[in-house]
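Values reported hereafter were calculated over all heavy atoms of this structure, with side chains retained and with hydrogens, waters and symmetry mates removed. Quick note on labels: first sequence line is chain A, next is B, and so on, each numbered from 1.
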Amino acid sequence: MSPELTANLAATAAKMVVALGMLLTVVPVMVWVERRGSALMQDRPGPNRLGPFGLFQALADALKFFFKEDVTPTAVDRVMYLAAPVLVLLPALTTFSVIPFGPDLLWNGRRIPLLVADVDAGVLLFLALGSLGVYGLVMAGYGSNNKFSLLGSLRASAQLISYELALTLAVVAAILPVGSFRLPDVVAYQQAHVWTVLPQILGFLVFLVASFAETNRLPFDLAEAESELIAGFHTEYSAMRFASFFMAEYIAMTSLSALGVTLYFGGWSLPGIHLGNGWLGAVLGLLVLTAKIAVALAVFVWVRWTFPRFRYDQLMRLGWKVLLPIALVNFLLTAVLTLLGKI
Amino acid sequence: METAIFLLFAALAVVSAVVVVAHRNPVHATMSLVLTLFSVAVLFVLLGAPFLAALQILIYAGAILVLFLFVIMLLNVQREETPYHGQPVQRWAAILGAAVFCGMLAMLLFRSSLASNGGAPLGPLTESLVSFKGLAADLFSVDLLPFEIVGLLLLVAVIGASAVAKRPTAEERLAPGRRLPEGPLDGAEDQPR
Amino acid sequence: MSGTVPISWYLVLAALLFAIGAAGALTRRNGISIFLSIELMLNAANLTLVAYSRLWGERTGQLVVFFVLAVAAAEAAVGLALFIAIYRQRRTIDVNRLNLMRW
Amino acid sequence: MHLLWLIPLLPILGTAMLGAIGALGAIGRRPPKALVTLIGLGAPGLSLALALACLARYAAIYPRPYEQTLYAWTAGPLHLDVAFLLDPLSAVMLFVVTFVGFLIHVYSVGYMGHEEGYRRYFAYLNLFMGAMLLLILGANYLVTFVGWEGVGLCSYLLIGFYYDQDFPPYAGKKAFIVNRVGDFAFLVGMFALVARYGTLRYLDVFPRLAADPGPALAPYALGLTFAGFVALCFFVGAMGKSAQIPLYVWLPDAMAGPTPVSALIHAATMVTAGVYMVARSNAIYQLAPGVSGFVAAIGALTAIFAATIGLAQNDIKKVLAYSTVSQLGYMFLAAGLGAYTASIFHLMTHAFFKALLFLGSGSVIHAMGGEQDMRRMGGLKRALPVTYWTFVVGALAIAGIPPLAGFFSKDAILAAAAGGGQWLLYLVGLVTAGLTAFYMFRAVFLTFHGEFRGSDDERHHLHESPPVMTLPLVVLAAGAVAAGWLGIPAVLSFGARLDRFDRFLEPTLWTIAGHPRAVHEMGAGTELGLIALSVAVAVAGILLARRLYDRPSDGLTGPQEDAAIAARFPGLYRTLANKYYVDELYDRAIVRPLARLSGFLWKWIDGFVVDGSVNGSASLADLLGGFGSLTTTGNVRNYALYFFLGVLGLFWWIALS
């Protein structure tokens, strides 16, 4: 192994540790935020016994999942049933790899871009991997051999491919002026110009709404609507497998939030402030990004406990008849303006 | 390294392809096809077509096959309904034909110039081959007409698909000359020959 | 990636995939499965196109693959819609039972 | 004279116009009757005028023949021209056909005036005129044959004119089919001529025969010389057309057509075509004495045979029909004896008086409202005076009472028989003459004398025919009286040469090198005696008829008298009344075996072999298709497999070979 390769591998491994650590710590934090947040909104205490502000409640929950008995129903399609949680988790985790979390690090004379997978097709890769997430849901629903699960996964798959269109169009519109699929380029562009959210306010709204649908969050959580489908596609899951779905949801939220803030709110950068290419810059960038993601996640929680659930036909109508046309118009406008050099 | 990746994903592609055609459960088959597509996408990357790889996953795996799954679940397609009886020729002729096809292709391959220089390592990937910009430039200049036609085709397909799959309205269902069985059909006339 | 894998390997792989797809399309009785096999064959063709594109250093092959993808999408949409319509009429998509077009 | 070609063309054009104005029917209008009459009469009228003009001009170049070629058709070495020939023989025929034909057309205006199919009738009749003129004016056998077939067609059409009845179409078919037998022989004769001489032109064939008869006398076929063979063939053709034994059977049945048609076609013109043809081919017949003798024998046999049948017929038209057959026998008798001029002479006089008799009978039938049975007639002379007197003139003429036409022509024939020493033939002719006189006057007395025997309705309906019908009768009666004066025999000429007819036709008789024509000389006394004898026989016949049917001493009416005779000679009478059972004989001997053969051909050859092979190939295709349809399972996968295998094959073919 050449030292070059060794260095590269080491750098990549380090970045992966950072990214994974971030994503995995997000989950218990988010569990706590979700519970305390909802309590706050509903004017009740929420979990407040374990640790300061009940912070350890999440740990207790995690421990509970670890030690619960893992029940596999006899009638399930075993391959599907067992593969589903992994498949749900996989895209959620991998998508984050294209998100830059700081300015390029100059270290030992080499330039290390602070993202796990620095590929040209970054945004595309994100979307492609994200679109694979639907398979986890479908397999879970089908493999459970349960009509509620099946209906849930049917709803999920239809919902996902419907909103993926609007989401993708919004994303493409956002990166159109940049002229690159690489997210670091997108951040650099926003540093040089202005946060994309300003010119792309329409696209951002589409992205925002579609994000809720893509992550199966309220008000679009019809795939697991407890009042209709018990728990939808993960009805038959328990213990760690159930936890996987749980984690996947929050990680997907985090990844999508990361994409959102990177696309529309400058990512790790702050307007007008140059963070530099040293270690300080890297840490600051990571902090800035984390802060922005935290705000975005707060919005997710806020929305969840604020809006009622949609009906399925309303969901579809919104997706196809409102969001898609808006996204198309936005895309077209952006394309024309970009062509004219106005952006 | 590259060879290892190729061998790994080629093997994965072949195995999953066999599962696609051999598995009796359409959901499994579809899932297996996702795997094949994924493997082929990786090979696309190896061949210097990352854009196509992304498209392959985004469109094929992310949309088309989801549609398949959707339909499978909607129609509740279970295992194949009719057994193979009475059609051994069809089955073996098909498999034999496929084998012969493979053999002929291999023969062709080894007879052609590829046999002599196909084994040689390829030159480095060029920027024009890999970059998205080159592909986009071609798409909107040289191949503009096919591109527009494909757009039209997709529009037509969307309209056609919704027209065909639309559930008939109550009047249409009651219209004379239309027969819409609600339950399974009587078997007598539908028995496979 | 300097291309240490000979192009003929890709072609053989594509041929294999195509043959598997063809055999599947001809032996399956389930309409959806036949469809899947056809998609497999399309993919094999795509792989060939990309491989040749790599061999000659030409983008044309990739462009054709792009079109193939679009056409496959259209085909899948219409084909599946047809299966839904057929299923409404006949309560089956087993092609062995869809044999009204004889004599 | 250069307008000769218009003479046959005009009536044909008339037919075309009559057919064309039928197109008015398409717009729902019937062609006006006056227009039909104008065209139907105008065409033969113009034809007659032209014919007279041509004949007048022809007098200037007489006796040279005039030939007009319209179109030269060449097929290899064969030259067959559309050409017309005017020589003394065709001049006589031309006059007879156009003159009598026109008169009958005029008569038809009255007779057919109230019939359905007036236009159709005149179209057919005009077509007949055209074809007949083609026949007699043709300059070669082929043109003549076209006319020959044309008149046959018209004969068929006009016999079957009342196609909505049962019998006429049958009679038409019978006439046509029987004629086919003769026509076939005629064709064979033409082929033989072409094979040997390479031409059918009269003015080629006959001079060569006359100049060098050698090749024609070489043995040819059927044990005959070439001339004999051709002569026989032509005579068989003539047998059919001119109703000689054994092909006469169609003519009596042909009376099913309208009466003017019987007069024109089946008495005056068409049936004499055979005689004309034999006379035209006299060069050949002179070279075939054996066949000539056969012709004479057949003629004589036919003459007496038909005459005896005529004795027992009660249908007035049947009597006239058998009389026609009998008189045609006379003509062939003469032709067979080499007396071609006599036969043509008789042909001409017969045309006048037989047309007259038929038209007279038509007038009677018209008055009787369609009734043809003489037993239901009687005493018509008061109601139909003109018809009566003209009919009597015709009857006297045919009976051979001097100085009417029939006397001279019949006498010429009998003289030829006697002069040639053929006393048996003479005797037959003489007896026939007596029989003719008897049955004609039987018809006269049964029809016009005595008491009316029909119903009261018919009695009230009786009326003399309109002038348009009686005028032709009168003209023809004049002809029947005077036509004979053209050929007064030498013994009655009192030194003047009054046998103009003979001399007029003389140039058309060929003198064969080395075969001088026999000239029969009889003593004047003998000849006068024979004339007296024939007149006596005729008078005796008339008197006998009068005794039996007009003033019955026993108080019996005509039909009762017939019944009495039938009672006395039952076998003989039944045989005659049933025409010697010839029709029945033919039915047994020819028609039924043919029908059985046809049935065999139909059921086994056509039904089994032909249909079988056709159906078999269809079945084979069906069977193969059945195998093929096994591949059409309706199963898409099978089709896909075929497709795939086909692609494999193509792949193999294109890429690997």
* Where does B:Leu139 contact chain C at under 4.5 Å (heavy atoms): side chain, backbone, both or neither? -> both
* Asked: Which one of C:Val12, C:Leu63, C:Ile84, C:Val78 has the most heavy-atom pairs closer than 4.5 Å to chain B?
  -> C:Leu63
* Asked: How long is the gap from CD on C:Gln62 to CZ on B:Phe51, to the nearest 0.5 Å?
  -> 9.5 Å
* Structure fact -> Heavy-atom nearest pair, C:Gly21 first then C:Ser37, reads O-CB, 3.3 Å
* Relative to chain C, which segment of B:Val18 carries a heavy atom at a distance below 4.5 Å: side chain, backbone, both, or neither? -> both
* B:Leu12 versus B:Leu8: any side-chain heavy-atom pair under 4.5 Å? -> no
* Asked: If you count heavy-atom pairs under 4.5 Å between each of C:Leu80, C:Thr60, C:Leu13 and chain B, which one has the most?
  -> C:Leu80
* Asked: For the candidates C:Leu36, C:Asn46, C:Leu47, which exhibits the highest count of non-hydrogen atom pairs separated by less than 4.5 Å from chain B?
  -> C:Leu36
* Asked: Are any side-chain N or O atoms of B:Ser32 and backbone N or O atoms of B:Ser16, one a donor and one an acceptor, separated by less than 3.5 Å?
  -> yes
* Structure fact -> Note: C:Ala77 and B:Ala161 closest approach over all heavy atoms is O-CB, 3.6 Å
* Evaluate the ring planes of B:His23 and B:His28, with Trp represented by its six-membered ring, and classify them as parallel (under 30°), tilted (30 to 60°) or perpendicular (over 60°). => parallel
* Heavy atoms, side chains only, cut-off 4.5 Å: are B:Val42 and B:Ile5 in contact? -> yes
* To do: Evaluate the side-chain proximity of B:Leu55 to B:Phe44: yes if any heavy-atom separation is below 4.5 Å, no if none is.
  => no
* Asked: Counting only heavy atoms not in B:Phe101, do more than 12 fall under 6.0 Å of its CZ?
  -> yes
* Asked: Tell me, side chain or backbone of C:Leu17 under 4.5 Å from chain B's heavy atoms, or both, or neither?
  -> side chain
* Asked: Does any pair with a residue in residues 55-71 of chain C pass salt bridge (charged side-chain N to carboxylate O under 4.0 Å, His left out), and if so which ones, sequence neighbours excluded?
  -> B:Asp138-C:Arg59
* Asked: What part of C:Ser53 lies closer than 4.5 angstrom to a heavy atom of chain B: side chain, backbone, both or neither?
  -> both
* Part of C:Phe66 lying under 4.5 Å from any heavy atom of chain B -> both
* Structure fact -> Answer key: most heavy-atom pairs under 4.5 Å with chain C among B:Thr36, B:Thr30, B:Val156 is B:Thr30
* Asked: Is it the side chain or the backbone of C:Leu16 that comes within 4.5 Å of chain B heavy atoms, both, or neither?
  -> both
* **Side chain / backbone / both / neither for B:Phe147 at chain C, heavy atoms under 4.5 Å** => both
* Is it the side chain or the backbone of B:Thr3 that comes within 4.5 Å of chain C heavy atoms, both, or neither? -> both
* For each of C:Gly24, C:Ala19, C:Ala22, C:Gly79, tally heavy-atom pairs with chain B at distances under 4.5 Å, and name the one with the top tally. => C:Ala19
* Sort B:Val150 into side chain, backbone, both or neither according to what part of it lies under 4.5 angstrom from a heavy atom of chain C. => side chain
* **Region of B:Leu65 that comes under 4.5 Å of a non-hydrogen atom in chain C** => side chain
* Any idea which of B:Gly48, B:Ala99, B:Ala29, B:Pro146 has the most non-hydrogen atom pairs under 4.5 angstrom with chain C? -> B:Pro146
* Structure fact -> Cut-off 4.5 Å, heavy atoms of chain C, and the answer for B:Leu96 is neither
* To do: Please determine which of B:Val71, B:Val66, B:Ile64 meets the side-chain contact (heavy atoms from CB on, under 4.5 Å) test together with B:Phe68.
  => B:Ile64
* To do: Please name the pair of heavy atoms, one in C:Glu39 and one in C:Ala72, separated by the smallest distance, quoted to 0.1 Å.
  => OE1-CB, 4.0 Å
* Top contributor to chain C interface from B:Val100, B:Leu7, B:Leu43, B:Ile59 [non-hydrogen pairs under 4.5 Å] -> B:Leu43
* Partner chain B: residue of C:Ile34, C:Leu69, C:Val71 with the largest heavy-atom pair count (under 4.5 Å) -> C:Leu69
* Relative to chain C, which segment of B:Phe6 carries a heavy atom at a distance below 4.5 Å: side chain, backbone, both, or neither? -> side chain
